[in-house]
Amino acid sequence: MPELPEVETTRAGIAPWCEGRRVEQLIVRESRLRWLVPDDLPQHVEGQRIESVSRRGKYLLFRVGAGTILVHLGMSGSLRVVTPEEPPSFHDHVDLVCEGGHVLRFNDPRRFGCWLWLEGDVSKHKLLRNMGPEPLSDAFDGALLFNKSRGRRGPVKNFIMDGKIVVGAGNIYANEALFAAGIRPDRAAGRISRERYDRLAAEIRAVLAAAITQGGTTLRDFVGGDGKPGYFRQELQVYGRGGQPCRRCKRPLKEVRISQRSTVFCVACQR
DNA sequence: ATAATCACCTGCTCGC
DNA sequence: TGCGAGCAGGTGATTA
């Protein structure tokens with residue numbers, strides 16, 4: 001479900017309710033997520049203060065006690081703030097009960113998300129150490145995309161969705177950024193010019209930033225930390241619009257499948 | 001090293 | 001109305 005803008009929306013929505021507070025209790029109702037929630041997670045965090053809530057790519061990091069809780073929302077996860085009186089419902093797998101009367105509640109029907117306990121240098125952890133730069137940081141630009149793409153023959157869409165190259169662009173925003181940059185998603189990554197990569201990097205940055213401003217994209221069930229949906233859906237130019245007229249040239253958008261992922265583009269506007 | 005596919009899981013929509 | 005097929009916002013592991 002969530003790409004970078006949805007995770008960032010979640011982070012911003014929950015941080016004011018838990019940063020600086022103590023963890024009263026960690027309740028795990030279903031530990032069978034993508035990886036088993038470690039049995040000792042509650043004992044590591046209960047009674048400890050949440051120092052910060054940050055994000056790396058699509059991972060959320062809760063600095064607490066002697067380590068870090070690493071949370072991923074997977075495809076269908078959401079994390080929101082509820083009151084302790086609100087009874088848990090179906091697929092509410094984890095509660096992080098904070099002092100002060102608020103609960104972070106993790107819901108994830110498909111259970112592709114995770115809750116892991118990390119100690120030591122988080123950036124050296126297996127899941128984080130090979131990640132590319134944050135798309136909204138100075139480390140990300142057209143030069144990086146150009147340099148890393150030389151010799152690559154796979155589609156540029158896969159290339160920009162590869163977290164080792166740059167984090168945060170999932171299927172929705174990869175489609176959108178390629179449309180904005182006027183680049184066909186099936187073009188070989190290694191055969192795109194430096195100038196076009198400058199444009200693409202700028203468009204990836206712009207579409208993610210705009211989506212964050214709108215609170216993310218809600219397709220069916222995404223809600224931010226405040227339980228509200230995102231409003232970027234109405235801004236989508238191509239994703240989910242196969243067969244419908246291109247908003248720029250009015251020709252019908254083409255929908256194809258690249259590496260099993262739905263891919264929508266305009267054959268006239270994207271080359 | 002790169003590229004494609006598989007796997008994990010539930011829920012929803014579609015066509016018959 | 002029921003049922004199987006296919007698809008969904010991610011990504012690590014496996015296979016060529």
Side-chain angles (χ1 to χ4, degrees), chain A residues 1-10 29-37 55-60 70-79 89-94 106-116 125-132 135 145 147-177 185-191 204 207-208 211-212 214-224 229-236 238-243 255-264:
Chain A
M1 146 197 56
E3 301 183 35
L4 187 147
E6 292 72 39
V7 178
E8 178 55 27
T9 296
T10 298
R29 299 187 193 82
E30 173 57 83
S31 57
R32 296 172 305 165
L33 304 184
R34 176 159 196 195
W35 297 288
L36 212 59
V37 180
R55 180 188 58 71
R56 178 74 176 97
K58 299 171 194 169
Y59 285 97
L60 289 168
L70 186 70
V71 175
H72 198 288
L73 302 179
M75 284 280 265
S76 60
S78 64
L79 200 50
S89 50
F90 200 33
H91 299 317
D92 281 343
H93 305 314
V94 182
F106 176 74
N107 181 281
D108 185 9
R110 293 176 74 178
R111 293 193 274 119
F112 286 172
C114 70
W115 281 65
L116 296 176
H125 187 271
K126 186 181 179 184
L127 292 173
L128 304 177
R129 69 184 171 204
N130 292 321
M131 289 178 99
L145 290 180
N147 293 333
K148 296 222 172 204
S149 63
R150 291 311 88 184
R152 294 186 66 134
R153 306 173 62 172
V156 62
K157 175 165 179 263
N158 291 355
F159 176 67
I160 61 171
M161 288 176 70
D162 182 346
K164 295 189 290 303
I165 304 302
V166 58
V167 296
N171 200 35
I172 297 179
Y173 300 111
N175 276 296
E176 294 298 314
D186 57 357
R187 178 170 290 278
R191 301 190 182 198
I204 289 171
V207 70
L208 293 175
I212 290 170
Q214 298 289 308
T217 299
T218 294
L219 253 32
R220 49 184 74 80
D221 52 10
F222 171 74
V223 290
Y231 297 100
F232 194 70
R233 188 177 187 174
Q234 59 209 48
E235 318 278 330
L236 297 179
V238 289
Y239 183 85
R241 298 193 63 246
E255 179 154 6
V256 299
R257 203 144 267 280
I258 295 179
S259 294
Q260 347 258 56
R261 307 298 294 257
S262 149
T263 304
V264 187

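Reminder, nothing fancy here: chain letters follow the sequence lines and each chain counts from 1.
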Just to verify, what does A/Arg152 make a salt bridge (Lys or Arg N to Asp or Glu O under 4.0 Å) with, not counting sequence neighbours? A/Asp162
Pairs under 3.5 Å (Watson-Crick or G-U), crossing ones as [ ], inter-strand ones as |: DNA chain C comes out as .|||||||.|||||||
Not counting sequence neighbours, which residues clear side chain to side chain donor-acceptor pair (under 3.5 Å) with A/Arg55? List them please. A/Glu8, A/Glu134
When you compare B/dA7 with C/dA5, how far apart are their P atoms, in angstrom units rounded to a whole number? 16 Å
Applying side chain to side chain donor-acceptor pair (under 3.5 Å) to A/Glu176 and not counting sequence neighbours gives none
Residues 153-160 of chain A, side-chain donor-acceptor partners within the protein, below 3.5 Å, at least two apart:
{"residue": "A/Lys157", "atom": "NZ", "partner": "A/Asn171", "partner atom": "OD1", "Å": "2.7"}
{"residue": "A/Lys157", "atom": "NZ", "partner": "A/Thr263", "partner atom": "OG1", "Å": "2.9"}
{"residue": "A/Asn158", "atom": "ND2", "partner": "A/Ser259", "partner atom": "OG", "Å": "2.9"}

For C/dA13, take OP1 and OP2 only and decide whether either is under 4.0 Å from a side-chain N or O of A/Lys126. yes
Tell me every residue that passes side chain to side chain donor-acceptor pair (under 3.5 Å) with A/Glu30, counting only those two or more places apart in sequence or in another chain. A/Arg32
Contacts of type side chain to side chain donor-acceptor pair (under 3.5 Å), residue A/Lys126, not counting sequence neighbours: none
Please enumerate all residues that pass ring pair (Phe, Tyr, Trp, His ring centres under 6.0 Å) together with A/Tyr59, with sequence neighbours excluded. A/His72
B/S/- contact track for nucleotides 3-9 of chain B, protein heavy atom under 4.0 Å: SSSS-BB
Salt bridge (Lys or Arg N to Asp or Glu O under 4.0 Å) partners of A/Asp186, counting only residues at least two apart: A/Arg184
Distances for protein N or O near nucleotides 3-7 of chain C N or O, under 3.5 Å:
{"residue": "C/dC7", "atom": "O3'", "partner": "A/Arg257", "partner atom": "NH2", "Å": "3.4"}

Partners meeting side-chain contact (heavy atoms from CB on, under 4.5 Å) with A/Ala169 (sequence neighbours left out): none
Over all atoms of both residues, closest heavy-atom pair of A/Ile165 and A/Lys148: CD1-CD, 4.0 Å
